Amino acid sequence: MSSAGNDVTPDEGYRDLTISGGGSTMVATDTVFAEMATLRRVQGDAEDWEVRIGRVQSLGLGSSLQWRPSDLGACVLGAWVAIHGVAGESRQLADSLAEAAEQYGRLEAGLDTLLSGMGAWLGYTAGQLAMFAPLIAVSLAGPLAYAAVGSLTWNALQGRPGEVLPPGVADWLRDNPRLLSDPATVRLVRVLVSSADEVALGRVGVPYPVAAALGDDGAGVLGAASSAFGLLVAARAAGLLRETPVRVRLAGSSPAPVAAPAAGGVQSGPGGESTATLAAPKPPTGFADLADRIPTEEDGAQVRIERYGDAEHPRWVVYIGGTVEWAPAASTEPWDMTSNVAAVADQEAGSYRAVLQALHAAGVQPGDPVVPVAHSQGGLIANQLVSRGDITAVGMVTFGAPETGLALPDGLPAIAIEHEEDIVPALGGTSEEDQRLYVRRELFAGRDVPLDETLPAHQLVGYRDTAGIVDASPEPRLAEFRAQLGEIVGKAPGEQSLWHAERVD
């Protein structure tokens, strides 16, 4: 699909980023966090100079009653007073910014809790009313049922026969293309998805206190995974969302960096298949490099794997693409709606198994450091790989991925980049996992939403623009991640391989 243009330069665009999570309750713009970090550095430097001047004062230098240029003691005292003032003022300003970010975070968390509670109650009430039967049917399918509806909507807007919504609904959506890219719609979908279990429990007559205790805001017994599993069972009974075996083949690779030929050559692959000869990749230096290397349909592959380091100490970056096929019926494409729903149900989706096969074929061994980087459905797979311990993750970056409650290893640097107008991350509802550092941006702030695209805020090309803006950010945690990435991949060129997966009967 064509690009959603971006007229914001990276150097100035970072100010539009909003950052939250990462183990902190603070929520603020990138600029606030950067200013806070600068003030803390000034405070630290000033306090260090206070200590140094104190050592000079301990030498017992005296001062006369009347200041003279040669009065060293008075000069030292004046310097200490000045630097003490700088330390105090910078500390006060930094504390004030931190308190403002904390207050904003608490306010946002309170509003989220209020909206979630209201959504749960309204969902439960709707479940008891027969007039809301369509909503009940969707809710019984769970959060990813909205993704299935999104699949039908997508195909309707594309004019694909046999996979359309009722004509009136399809026409209305086609006439109102901005609706699905409205931040208010995204927030509403989060609430609806999080309330889906209460709708179902209300319909079967479970008392509201019990429904609340079992739902997402309670024990989470009937959360996204269990609801999506219910959708799988119901859909497979109707012949939809059925999983199949998968296989992968090498679609392209680079030889050792010391003998890398020019890109674009062809070499013989396994079983006589042709594979493209790729150039040795340079180590990624930031988020823009990572986003640029996520494979798309144009690459003829869904997975790219890069290897850095030497033979005894390999380090890997695996790039996982997003959904390719949106139809609810399975085809030969593993990156489809079947895998979407299976992944949220915490089942082994076809795309998940394909990534495992590709990692094994590329030579990734248990214990090897791996950084997964993914877009859309690929983010679901990356979260599964990390939370299940299938890889030894040392970092993770996702773009426009549905939010998930899957737990991550303690201390893992994980960055989730989302657009405020992107409805796909909202399909996972709200997540209680706050270890991820969420970096959000309103992609179309001050600009019209493109009318010739479906879900333009979700397209990878838009996230590639945003990744460049994130790279320009001086926010300490983002800068630290870029530094850690540099330590992982080093400075020498690596090797890469592209992998194409398909479903088989």
Side-chain angles (χ1 to χ4, degrees), residues 1-4 147 150-151 154 246-253 275-276 278 281 284 287-306 316-327 330-344 349-359 361-362 364 370-386 390-391 396-402 404 415-419 422 424-425 427 454-467 496-503:
M1 290 192 176
S2 61
S3 166
S151 165
W154 182 288
V246 296
R247 65 184 175 195
V248 299
R249 66 173 178 83
L250 185 65
S253 65
T275 61
L278 308 174
F287 296 99
D289 284 345
L290 296 178
D292 283 342
R293 301 182 192 189
I294 296 174
T296 64
E297 291 182 80
E298 286 73 19
D299 296 305
Q302 306 98 333
V303 183
R304 182 191 306 273
I305 300 175
E306 294 179 347
W316 308 84
V317 183
V318 54
Y319 305 87
I320 311 170
T323 303
V324 175
E325 177 57 59
W326 292 81
S331 63
T332 58
E333 174 58 61
W335 267 253
D336 57 5
M337 284 307 303
T338 299
S339 288
N340 268 330
V341 180
V344 173
S351 53
Y352 167 83
R353 287 178 279 117
V355 173
L356 284 179
Q357 290 183 29
L359 290 171
V364 179
V370 180
V371 178
V373 179
H375 171 240
S376 189
Q377 180 184 148
L380 290 172
I381 302 169
N383 274 280
Q384 270 192 311
L385 292 171
V386 174
D390 295 315
I391 58 176
M396 182 173 72
V397 181
T398 59
F399 298 89
T404 171
I415 311 294
I417 299 176
E418 301 176 0
H419 291 149
D422 187 357
V424 172
L427 296 175
T454 304
L455 304 183
H458 184 62
Q459 301 306 302
L460 181 56
V461 65
Y463 277 108
R464 285 172 172 168
D465 287 341
T466 298
Q496 66 172 318
S497 56
L498 279 171
W499 301 87
H500 176 81
E502 61 182 2
R503 292 188 181 276

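None of the values given here were measured: they were computed from a predicted structure.
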Counting distance only, does the side-chain N/O of [X] pair as donor-acceptor with the main-chain N or O of [Y] below 3.5 Å?
| X | Y | result |
| --- | --- | --- |
| S351 | S339 | no |
| R249 | H500 | no |
| D299 | A301 | no |
| H375 | H458 | yes |
| W335 | Q302 | no |
| T338 | P334 | no |
| R304 | R293 | yes |

**Q.** Contacts of F287 that satisfy ring pair (Phe, Tyr, Trp, His ring centres under 6.0 Å) - sequence neighbours left out
**A.**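 Testing F287 for ring pair (Phe, Tyr, Trp, His ring centres under 6.0 Å), a comparison that skips the adjacent residues, returns F481.
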Q | Side-chain heavy-atom pair R247, E502 within 4.5 angstrom cut-off | A |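 R247 vs E502: side chains touch.
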Q) Considering only heavy atoms from C-beta outward, does the side chain of Q357 approach that of W499 to under 4.5 Å? A)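 No, every pair of side-chain atoms sits at 4.5 Å or beyond.
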Q) Taking only residues two or more places apart in sequence, or in another chain, which ones meet D390 in a side chain to side chain contact (heavy atoms under 4.5 Å, CB included)? A)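 Result, side chain to side chain contact (heavy atoms under 4.5 Å, CB included) vs D390: Y352, L356, L385, R388.
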Q.
Just to verify, what does V364 make a side chain to side chain contact (heavy atoms under 4.5 Å, CB included) with, not counting sequence neighbours?
A.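 Once residues adjacent in sequence are excluded, the partners of V364 under the side chain to side chain contact (heavy atoms under 4.5 Å, CB included) criterion are W316, L359, D368, V370.
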Q. Which pair of heavy atoms, one from G322 and one from S376, lies closest together, and at what distance?
A.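 G322 and S376 have their closest heavy atoms at CA-CB, 3.8 Å.
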Q. Of all heavy-atom pairs between S497 and L250, which one has the smallest distance, and what is that distance?
A.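 Closest approach of S497 to L250, heavy atoms only: CB-CD1, 3.8 Å.
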Q) Does a side chain donor of either E333 or S331 reach within less than 3.5 Å of an acceptor in the other side chain? A)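 Absent: no donor and acceptor within the cut-off.
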Q: Output the distance between atom CD1 (I294) and atom OH (Y463), rounded to the nearest 0.5 Å.
A: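 Atom-to-atom, I294:CD1 and Y463:OH are 10.5 Å apart.
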